[in-house]
Amino acid sequence: MDCVFCQIVAGKIPSKTLYQDEEVIAFRDINPMAPTHLLIIPKRHIPSLAHLSDAETSLIGLMAKIANELAREEGISESGYRLVISSGEEGGQVVPHLHMHLLGGRRLSGKLC
Ligand code: AMP
Ligand code: ZN
């Protein structure tokens, strides 16, 4: 198991965890690109969004709900924030374990890519 996020789930790599339940864990990104930069991931190893099965689609809704709650806790719910899921090499995904970025706390670039 050399997946860095699976190791965070297993507690073998430390993380600043803000939330977890049976399915999902959320923690601070180690290299924040904005004042608030959190990652919301499934505990189960799913390599990317492209690997999500039809039976697992509700997981994305759950991750978005948790992101919204964390945005409120971070005080950026009203000012605004962005959720990003990169999938695959050309999508810019570096860690091959599905994750959602929650970014905010400053005015984000108007560029999507
Ligand atoms: P992506 O480019 O979408 O695959 O994003 C991967 C993110 O994981 C990057 O923003 C990294 O800074 C972040 N990251 C990598 N290793 C760790 C770690 N050990 N703890 C927290 N965040 C990490
Ligand atoms: Zn993994």
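Quick caveat: nothing in here was measured; it's all calculated off a predicted structure. When a ligand or atom number is given, it counts from 1 through the structure's own listing order.
For a threshold of 3.5 Å applied to N or O pairs, the pair formed by G92 and ligand 1 contains at least one separation below that value. Checking only distances, D29 does come within under 3.5 Å of ligand 1, N or O to N or O. At a 3.5 angstrom cut-off on N or O pairs, V95 counts as close to ligand 1. Residue contacts with ligand 1: L39 is placed with no nitrogen or oxygen under 3.5 Å of a nitrogen or oxygen of the ligand (distance criterion only).
Comparing heavy-atom distances from atom 6 (C) of ligand 1 across H97, Q93, H99 singles out H99 as nearest. Closest heavy-atom approach to atom 23 (C) of ligand 1 among the candidates I41, V94, I30: I30.
H101 counts as a contact of ligand 1, since one of its heavy atoms falls under 4.0 Å from the ligand.
Residue-level proximity to ligand 1 for M33 is absent, since no heavy atom of it falls below 4.0 angstrom.
For ligand 1, the atoms closer than 4.0 angstrom to any heavy atom of R28 are 21 (C).
Taking the N/O/S atoms of H97 in turn, the shortest distance to the Zn ion (ligand 2) belongs to ND1.
Using a cutoff of 4.0 Å between basic side-chain nitrogens and carboxylate oxygens, R28 and E74 are scored as salt-bridged.
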Test salt bridge (charged side-chain N to carboxylate O under 4.0 Å, His left out) applied to R72 and E78, step by step: CA-CA 8 Å; R72 264 198 297 279; E78 295 299 317; over 6 Å; no
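You'll find the ring centres of H101 and H99 inside the 6.0 Å limit.
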